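Everything below concerns the one structure shown next.
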Amino acid sequence: MSQTFVGMPSFPKNAAIAVQDSQLRFNLRKATRTIRGKRASVVEELPDWAELRQAGKAIKDHTLRNLERYLVQMEAAVSAAGGTVHWAKDAEEANRIVAGLVKATGETEVVKVKSMATQEIGLNEALAVEGVTAYETDLAELIVQLGDDWPSHILVPAIHRNRAEIREIFLAKMADVPADLTDEPKALADAARLHLRERFLRAKVAISGANFMIAETGTLVVLESEGNGRMCLTLPETLISVVGIEKLLPAWRDLEVFLQLLPRSSTGERMNPYTSMWTGAVEGQDFHLVLLDNGRTDVLADEVGRQALRCIRCSACLNVCPVYERAGGHAYGSVYPGPIGAILTPQLRGMDTALDRSLPFASSLCGACYDVCPVAIDIPSVLVDLRAKARHPRTERIGMAAAGWVFNRSVRLARAQRFGGRMRKLIPKRLPGPMSGWTDTRDLPDIPQESFRAWWDRTEGGAR
Amino acid sequence: MRVALFITCVNDTLFPDTGRAVVTLLRRLGVDVEFPQAQTCCGQMHVNTGYPAEGVRLARHFTEVFAEYDAVVTPSGSCTAMIREQYPKLAATARVPAKQTAGLGTAVEEIVPKVYDLSEFLLDVLGVTDVGAYFPHRVTYHPTCHSLRGLHLGDRPTRLLSAVRGLELVALPGAEECCGFGGTFAVKNRDISAAMCADKVGNIMTTGAEVLCAADNSCLMHIGGTLSRQKSGVRVMHLAEILAATEGGAR
């Protein structure tokens with residue numbers, strides 16, 4: 001995945017700073033709660049949501065079990081429709097392919113449709129090295145790009161910014177910005193529209209991702225709200241789409257399920273404003289599809305973790321997550337933040353850094369993410385499984401082994417309880433070491449003189 | 001019907017009053033509850049912190065200790081959810097050698113249908129809503145994540161509370177949101193945990209309640225520890241303790 005986040009501290013350290021940022025907390029609280037409420041109301045109105053969710057899960061699982069067959073089918077269909085298919089095993093290869101294709105056109109500028117896959121591989125940075133400038137055209141991605149910032153949300157990458165901040169970014173970084181720009185949403189959108197329109201008309205090359213790929217027909221599908229995507233997909237002479245291999249659906253009719261699941265789960269709309277579909281090279285446009293693995297086949301090999309590949313990047317889990325709401329997306333050090341990021345990033349990137357090792361623990365396992373997931377990814381179970389894979393701190397291992405030893409025999413537990421009961425007056429109000437994490441903000445409960453089992457033993461269960 | 005109490009390690013060690021309340025309550029309802037002394041811990045802390053091997057040992061111990069009973073009653077939503085939801089996954093985990101989990105799946109399948117959270121046992125097995133309790137206080141109820149989304153207890157606890165004489169039940173805003181406990185999460189991610197609890201406490205304070213009730217003492221230890229540190233004047237009580245209270249009784 002992208003190298004942008006290399007060297008970041010662990011999640012708890014990032015989060016400790018984020019929770020004290022009142023502007024960030026305010027922005028996130030307001031935005032996540034708004035989307036959360038919208039999602040809840042449009043999901044509630046569908047009587048067959050549970051069935052749709054099960055269908056989405058089943059279609060994705062079937063596709064993943066037969067991924068090889070459908071990928072070959074997709075390749076054949078795209079090729080037959082005049083497109084060219086490229087296979088990229090990792091970020092480096094994908095970036096090399098895309099840079100080569102852009103350079104072959106002789107262009108030095110590309111416009112981009114919002115895409116997680118290209119964020120994941122750090123395509124913009126790789127293109128910059130090759131002398132190609134990539135312009136993001138999604139409004140929120142534009143805000144992030146102009147602000148020299150990182151995306152902090154899958155769907156709304158500038159969720160950590162409010163409109164006053166966006167106005168300041170535009171005034172500072174947008175060359176053709178009106179001097180009297182206000183922070184009214186309409187004024188901000190108008191400024192962006194004016195700025196982008198010129199880019200759309202000039203661009204000869206566009207780069208996109210896709211929400212879905214239909215193996216049966218070789219069709220790519222992009223869902224969006226702003227129409228910038230359609231501009232990019234239709235105007236330029238060359239279109240390059242970088243798509244993760246897990247985005248496949250077997251047949252056209254499967255869209256029936258996902259075109260209901262995705263908008264309701266992501267933006268909380270019944271239907272998104274723009275749905276663009278194209279098959280191969282359309283009206284003389286040169287079309288290239290780059291199929292990206294970048295760790296996905298390794299994820300597929302893991303019996304518990306593979307369900308993360310069902311993800312359709314809706315962000316419902318981010319919007320409902322109490323940890324994400326308070327830490328923000330940057331704390332996760334990945335283009336995939338929130339609960340889905342906490343299970344996807346360590347699987348795609350491994351758990352070699354302190355940050356990546358800390359991600360599976362960035363959850364209270366409250367289960368709200370699983371409840372809202374439109375493809376029923378049991379995120380808490382994957383988190384727990386990844387925790388078992390992670391390397392643990394030495395002091396913790398010793399503590400857990402000791403606790404395990406005590407719990408293995410009830411006589412040991414009884415003895416430990418008696419000891420605790422005798423020592424109870426000596427336990428300080430503030431604990432040292434890692435346990436200070438408890439007493440920094442909370443009082444300890446009083447240790448009882450007598451455990452329940454000792455009471456039962458002494459009184460025969462209260463009979464005496 | 002032989003009924004066993006699985007007290008849980010946290011209640012056994014830190015909250016024996018909850019255990020005594022369960023015994024008092026069940027006896028009052030005519031249930032002769034037993035306490036198998038060999039019981040220890042369900043393994044939730046180990047499993048959820050990434051130590052499945054210890055979890056497997058404790059799960060096996062649990063299935064052995066309670067095998068002979070017809071029903072196992074537990075005054076903890078998260079421990080009940082651990083057994084019901086996570087034991088089957090633990091028995092199939094690839095993270096420990098297969099010989100350690102051999103036979104565990106069958107033992108789990110047999111024990112799981114017999115394990116009840118306290119309010120499930122009262123309503124679904126005994127068929128009682130009014131347990132004859134008296135508790136003249138203003139109470140708000142926090143459903144706790146594993147009771148709500150794991151066990152799907154629904155309105156069972158609040159139906160029981162509503163039938164308590166003298167009790168004024170007030171709704172808790174944002175009730176379904178996690179309090180931030182999450183076991184070792186509370187220590188590993190102390191700042192986020194505290195931030196979540198700050199919001200939970202804020203919501204509790206708007207209710208004007210004198211008592212915060214839940215069906216899980218671990219969450220109550222976290223919220224209660226914060227309420228106490230802030231000198232909020234709100235106390236926490238396990239559901240069992242309120243249901244055990246009677247006029248002229250201990251409370």
Side-chain angles (χ1 to χ4, degrees), chain A residues 11-12 15-16 19-20 25 303-304 322-323 326-327 358 360-368 370-371 381 384-390 392 396 400-401 403-404 406-410 413 416-417 420 434-435 437-438 440-445 447-448 450-457 461-462, chain B residues 7 9 11-17 19-20 23-24 27 33 35 37-41 43 45-52 54 57-58 61 86 89 93-95 145-146 149-150 176-178 180-183 185-197 221-222 224-226 228-229:
Chain A
F11 180 84
V19 293
Q20 300 285 23
R25 293 284 301 275
E303 279 180 38
V304 178
V323 177
R326 289 161 184 84
S358 70
F361 297 90
S363 165
S364 64
L365 303 178
C366 86
Y370 181 27
D371 263 15
S381 288
V384 166
D385 190 61
L386 286 169
R387 290 176 184 189
K389 264 174 88 177
H392 304 116
E396 184 191 286
M400 287 290 169
V406 168
F407 288 144
N408 275 343
R409 299 271 187 285
S410 58
L413 177 57
Q417 287 167 337
M435 289 311 293
W438 184 270
D440 275 356
T441 58
R442 318 161 185 95
D443 286 343
L444 282 170
I447 311 289
E450 187 179 49
S451 69
F452 177 80
R453 71 176 61 238
W455 169 80
W456 184 283
D457 221 18
Chain B
I7 183 70
C9 63
N11 287 326
D12 181 11
T13 308
L14 296 173
F15 305 102
D17 285 348
R20 282 194 282 271
V23 173
T24 304
R27 291 230 172 105
V33 63
F35 180 76
Q37 284 278 359
Q39 65 178 278
T40 58
C41 164
M45 176 182 75
H46 282 101
V47 172
N48 284 352
T49 313
Y51 298 81
E54 282 84 353
R57 270 204 299 280
L58 293 171
H61 183 68
Q86 287 183 265
K89 290 168 192 158
T93 185
R95 301 284 171 234
C145 303
H146 294 158
R149 286 177 283 267
E176 74 293 344
E177 287 170 36
C178 179
F181 172 63
F185 173 82
V187 176
K188 281 175 178 277
N189 276 287
R190 54 171 80 180
D191 298 274
I192 293 287
S193 172
M196 287 161 72
C197 201
M221 181 168 71
H222 165 68
T226 307
S228 161
R229 176 65 59 86

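What you see is a predicted model, and the numbers here were worked out from it, not measured in a lab. By convention in this document, chain letters (A, B, ...) are assigned in the order of the sequence lines, proteins followed by strands, and residues within each chain are numbered from 1. Atom set for the values below is all heavy atoms of this structure, side chains included, hydrogens, waters and symmetry mates excluded.
Ring geometry for B:Phe181 versus B:His222: interplanar angle of 30 to 60°, hence tilted. Below 30°, between 30° and 60°, or above 60°: for A:Trp456 and B:Phe35 the angle between ring planes is between 30° and 60°, a tilted geometry.
The neighbour count for A:Gln20 CD, taken as heavy atoms of other residues, nucleotides or ligands under 6.0 Å away, does not exceed 12.
Contacts of A:Ser358 with chain B are absent, with no heavy-atom separation under 4.5 Å from either backbone or side chain. Residue contact with chain A, scored on non-hydrogen atoms closer than 4.5 Å, involves the backbone and the side chain of B:Lys188 alike. Using a 4.5 Å cut-off between heavy atoms, A:Arg409 contacts chain B through its backbone alone, with no side-chain atom that close. Using a 4.5 Å cut-off between heavy atoms, B:Ile7 touches chain A through its side chain atoms alone. Using a 4.5 Å cut-off between heavy atoms, B:Glu177 touches chain A through its side chain atoms alone. Interface residue B:Thr49: backbone and side-chain heavy atoms are both found under 4.5 Å from chain A. Heavy atoms closer than 4.5 Å to chain B are found in both the backbone and the side chain of A:Val323. When heavy atoms are compared at a cutoff of 4.5 Å, B:Val47 approaches chain A by way of both its backbone and its side chain. Of the two parts of B:Gln39, the backbone and the side chain both hold a non-hydrogen atom closer than 4.5 Å to a non-hydrogen atom of chain A. Contacts of B:Arg20 with chain A are made by both backbone and side-chain atoms, with heavy-atom separations under 4.5 Å. Proximity to chain B (any heavy atom under 4.5 Å) is restricted, for A:Asp371, to the side chain, taken from C-beta onward. Both the backbone and the side chain of B:Ala195 come within contact range of chain A, with heavy atoms under 4.5 Å apart. Residue contact with chain B, scored on non-hydrogen atoms closer than 4.5 Å, is absent for A:Ala390. Only the side chain of A:Leu413 has a heavy atom closer than 4.5 Å to any heavy atom of chain B.
Interface summary for chain A: among B:His46, B:Arg57, B:Arg27, the most heavy-atom pairs under 4.5 angstrom belong to B:His46. Interface summary for chain A: among B:Gly150, B:Ala186, B:Gly182, B:Ala194, the most heavy-atom pairs under 4.5 angstrom belong to B:Ala186. Each of A:Ala454, A:Ala416, A:Gly367 has some count of heavy-atom pairs under 4.5 Å with chain B, and the biggest count is that of A:Gly367. Contact tally against chain A (heavy-atom pairs below 4.5 Å) for B:Met221, B:His61, B:His146: the top residue is B:Met221. Annotation: maximal heavy-atom pairing with chain B below 4.5 Å, among A:Leu386, A:Val406, A:Val304, A:Asp457, occurs at A:Asp457. Between chain A and the residues B:Gly183, B:Gly43, B:Pro16, the most heavy-atom pairs under 4.5 angstrom are made by B:Pro16. Taking chain A as the reference chain and counting heavy-atom pairs below 4.5 Å, the highest number among B:Glu54, B:Met45, B:Glu176, B:Gln86 is found for B:Met45. Note: A:Ala403 leads A:Ala15, A:Ala403, A:Ala401 in heavy-atom pairs under 4.5 Å with chain B. Contacts with chain B were tallied for A:Leu444, A:Val19, A:Ile447; A:Val19 has the most, counting heavy-atom pairs under 4.5 Å. Ranked by heavy-atom pairs shorter than 4.5 Å toward chain A, the options B:Gly19, B:Cys41, B:Gly50 are led by B:Gly50.
B:Arg149 places a side-chain N or O within 3.5 Å of a backbone atom of A:Cys366 that can act as its donor or acceptor partner.
Here the shortest heavy-atom pairing between A:Arg387 and B:Asn48 reads NH1-O, 2.7 Å. In this structure, B:Cys178 and A:Ser364 approach most closely via the heavy-atom pair SG-OG, 3.1 Å. Across B:Cys9 and B:Thr13, no two heavy atoms sit closer than the pair O-OG1, 2.8 Å. Considering all non-hydrogen atoms of both residues, B:Val23 and A:Gly461 come closest at CG1-O, 4.0 Å. The two residues B:Thr226 and B:Cys197 make their nearest non-hydrogen contact at OG1-SG, 3.4 Å.
The OG1 atom of B:Thr40 lies 7.5 Å from the CZ atom of A:Arg453; values are rounded to the nearest 0.5 Å. Taking CZ of A:Phe452 as the start and CG of B:Asp17 as the end, the distance is 10.5 Å to the nearest 0.5 Å. Rounding to the nearest 0.5 Å gives a distance of 14.5 Å between CZ of B:Arg95 and NZ of B:Lys89.
Listed by chain and number, the residues in a salt bridge (Lys or Arg N to Asp or Glu O under 4.0 Å) with A:Asp443 are B:Arg229 (sequence neighbours excluded).
Taking the six-membered ring wherever Trp is involved, the centroid distance between the rings of B:Tyr51 and A:His392 falls below 6.0 Å.
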